[in-house]
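Each ligand, and each atom within it, is numbered from 1 in the order the structure gives. As a basis for the values below, the full set of heavy atoms in this structure was taken, side chains included, without hydrogen atoms, waters or symmetry mates.
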Amino acid sequence: MDHQEKSDRVAKALDNFRIEIPSWGFANTGTRFGKFLQPAAANSIEEKFADAAEINQLTGVTPTLGLHVEWDLPEGVESVPRIRALEKKYRICAGSINPNLFQAQEYKYGSICNPDAEVRQKALTHLLDCVEIARQLGSQDISPWVSDGSNYPGTQSMRQRIGWMEEIFSQVHAALQPDQRLLIEYKPFEPAFYHTDIADWGMALELARLAGPQAKVLVDTGHHYQTQNIEQIVAWLLHLEMLGGFHLNDRRYADDDLTLGSIDPYQIFRIFHEILSYSAEPGNRSQIAFMIDQSHNLKGKVEAMVQTVVQAQELFAKAALVDLEQLDILQKQCKLVEAEELFRSAFWEDVRPLVRAWRLGQSLPEDPLRALRESGYVDRISRERAAKNASISTTYA
Ligand code: LRH
Ligand code: MN
């Protein structure tokens, strides 16, 4: 593949690559052992929109901000006009609507799987509010993560809880607008440590199928056991046309929510390859939402977000350099070493000069991280927000 073809492939891939920023990625977050406050952290939804606007100005590929309802729309549907005003002011659109079924005290024994019908009704009402918020904001995706589960064997009926989930997801699906999607996220454990009601892709897949045609599966890369082959799960969901989107991040151990590509960039490359090879086949149509889901406990939050977007672009560009036709031939001939070398050589390609050239072609800073440093943006918001951030409690217990 000559330089011109590589340049064309990278440009075509980046022209279509958009990734969503999570509002909670800008806030002071931590672990159960506490959190380290950052003077530049965002405390208000306006500050989160401002930071997202800065990222989009620097990268040009993050036009939407994922919202977490309890954190960003404390008055629920009543908070929509405020979001609308911020969308206009910062020219950033509201993206996926993330319900919160894990913080309220009533959810101690679960939300949509709680044995108490009143608590399940509370959870259903919240989900229907999220559908209405999405309708009013013109957001397509409602992406519930259900943290429900139990900590000890024998303490809950797992089968009964499945029944309650099915009932509620079908009611939520019935409330969707024709263009809306319900993206069901799975996670094997945490905060529950014996069983989690939606623990893996198979459970999310069945619940989505039973809910209706507008329900799909959301794959959070951090929500897998170490030994799971995530790109194989992606291949299955693509084959079944049930892949709705991703929460992208990286991890060394569990749901560490580290910055994308910081631990295993080859993992993300293999996932992007499954998507690009599927999309390259005639007749295959996929609408995959790429969303970041990270908590920046130690790194500067705006820097980490720019770093993540740049890393995602570079890994997507590498995956676009895989010669799919040649790979198909080698795979069918079981020429293992040739196929692997062809596949891996794309990963080893230094695409940064091509990606920088694409940015210049888009009148974007060729090096967003350097441009961020030179902009003085982080120093400015640190000065503006330091007082508020200093007054926040850091302890977990
Ligand atoms: C759960 C999760 C979910 C979000 C939360 C912030 O681990 O991935 O997607 O709601 O993180
Ligand atoms: Mn997630």
Is any side-chain N of the basic residue among R82 and E46 closer than 4.0 Å to the acidic one's carboxylate O?
yes
How about N284 and E281: does a side-chain donor come under 3.5 Å of a side-chain acceptor?
yes
Y186 ring center within less than 6.0 Å of H223 ring center
no
Is the backbone N or O of N114 less than 3.5 Å from a side-chain atom of R120, with the two atoms forming a donor-acceptor pair by type?
yes
Distance alone, cut at 3.5 Å: any donor-acceptor contact between the side chains of Q121 and T125?
yes
What protein atoms of element N, O or S are positioned under 2.8 Å from the Mn ion (ligand 2)?
E185 OE2, D220 OD2, H247 ND1, D293 OD2
Would a line drawn from the ring center of F290 to the ring center of F17 be shorter than 6.0 Å?
yes
Working to the nearest 0.5 Å, report the span between CG of D323 and NZ of K6.
11.0 Å
Return yes if a side-chain donor-acceptor contact under 3.5 Å exists between Q136 and E132, otherwise no.
yes
I'd like the residue list for ligand 1, meaning every protein residue with a non-hydrogen atom under 4.0 Å from the ligand.
W24, H68, W145, E185, K187, D220, H223, H247, D255, D293
Give me the atom names and distance for the closest heavy-atom approach of Q38 to N28.
N-OD1, 3.0 Å
